[in-house]
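Have a look at the structure below, then the notes.
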Amino acid sequence: MDEVAGAIADPVRRRILLMLRDGERSAGDVAAQFAISRPAVSRHLRVLREAGLVTDQVVGRQRVYRLEPGPLLALAGWLGGFVPASKWEPRLAALDTEVRRARRDRRAQREEDTG
């Protein structure tokens, strides 16, 4: 998880992840979006790959990158433990319980009426 947090600490890498969220992109396409050198973008892609956030595949003469959201989900789950529960969560859970109970009671009533 530390490697993932370190990888997303850099704004260039976060921007790359946002680009890949919309679909696969070649290294050249990614590099074209930045005012930094291609080798610098390549280093950022390597950090993301080593953190497990992207995978790459050679297609013809291009290297194509794809987002791997699993490590981000794990980090998001961990971070979620620091967010205080909403005051609405217990109320929404109670509402859900009442809705389910009402549906169950209606079904039982229909079965009695038809049975």
Side-chain angles (χ1 to χ4, degrees):
M1 186 168 14
D2 291 344
E3 194 171 17
V4 173
I8 65 172
D10 186 279
V12 170
R13 292 192 285 266
R14 288 194 305 268
R15 189 164 158 212
I16 291 170
L17 291 174
L18 288 172
M19 290 167 43
L20 295 176
R21 180 182 61 183
D22 298 329
E24 297 178 348
R25 294 189 92 158
S26 71
D29 289 343
V30 172
Q33 302 300 312
F34 296 95
I36 59 177
S37 69
R38 285 183 181 256
V41 172
S42 184
R43 284 189 294 275
H44 285 295
L45 287 166
R46 186 182 72 237
V47 169
L48 292 171
R49 189 177 61 246
E50 290 173 354
L53 293 167
V54 300
T55 56
D56 64 327
Q57 175 182 345
V58 176
V59 178
R61 295 178 57 202
Q62 295 184 331
R63 186 169 298 273
V64 177
Y65 286 85
R66 170 186 293 145
L67 176 67
E68 293 296 331
L72 291 172
L73 294 172
L75 181 61
W78 184 81
L79 289 171
F82 292 95
V83 178
S86 164
K87 68 178 183 178
W88 289 102
E89 285 182 36
R91 293 175 182 167
L92 291 173
L95 176 61
D96 183 58
T97 300
E98 290 303 316
V99 168
R100 291 173 190 272
R101 183 177 296 135
R103 287 179 183 162
R104 184 189 66 223
D105 292 348
R106 275 194 301 250
R107 273 194 304 267
Q109 186 62 47
R110 271 187 261 141
E111 289 173 6
E112 274 183 30
D113 292 344
T114 60

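Because the structure is predicted, anything quoted here is derived from the model rather than measured.
Note: Arg49 CZ to Thr55 OG1 = 10.0 Å, rounded to the nearest 0.5 Å.
Between Arg46 and Glu50, at least one side-chain N (NZ, or NE/NH1/NH2) sits under 4.0 Å from a carboxylate O, which counts as a salt bridge.
When hydrophobic side chains of Ile, Leu, Val, Met, Phe, Trp and Tyr are connected at separations under 4.5 Å, Val59 ends up clustered with Val64. Annotation for Leu95: hydrophobic cluster partners, listed by chain and number, are Val99 (ILVMFWY side-chain heavy atoms under 4.5 Å, direct or chained). Counting Ile, Leu, Val, Met, Phe, Trp and Tyr side chains that sit under 4.5 Å apart, directly or through other members, Trp88 shares a hydrophobic cluster with Leu92. Through side-chain heavy atoms spaced under 4.5 Å, either directly or across other Ile, Leu, Val, Met, Phe, Trp or Tyr residues, Val54 is tied to Met1, Val4, Ile8, Val12, Ile16, Leu17, Met19, Leu20, Val30, Phe34, Ile36, Val41, Leu45, Leu48, Leu53, Tyr65, Leu67, Leu72, Leu75, Trp78, Leu79, Phe82.
Residues passing the side-chain contact (heavy atoms from CB on, under 4.5 Å) test with Pro39, sequence neighbours excluded: Ser37, Arg43. Considering only residues two or more places apart in sequence or on other chains, Ser26 meets the side-chain hydrogen bond (donor to acceptor under 3.5 Å, both in side chains) condition with Asp29. Listed by chain and residue number, Arg100 satisfy the side-chain hydrogen bond (donor to acceptor under 3.5 Å, both in side chains) test with Asp96 (two or more places apart in sequence, or in another chain). For Glu98, the side-chain contact (heavy atoms from CB on, under 4.5 Å) partners two or more places apart in sequence, or in a different chain, are Arg101. Here Gln109 pairs with Asp113 under the side-chain hydrogen bond (donor to acceptor under 3.5 Å, both in side chains) rule; sequence neighbours left out. Among residues two or more places apart in sequence or in another chain, the salt bridge (charged side-chain N to carboxylate O under 4.0 Å, His left out) test is passed with Arg38 by none. Partners of Arg61 under the side-chain hydrogen bond (donor to acceptor under 3.5 Å, both in side chains) rule, at least two apart in sequence or in another chain, do not exist in this structure.
The shortest heavy-atom contact between Pro71 and Gly52 is CG-O, 3.3 Å.
Residue pairs satisfying the salt bridge (Lys or Arg N to Asp or Glu O under 4.0 Å) criterion with at least one member in residues 9-28, sequence neighbours excluded, are listed as follows: Glu24-Arg66.
Summarising the local packing, CG of Asp105 is surrounded by more than 12 heavy atoms from other residues, nucleotides or ligands at distances under 6.0 Å.
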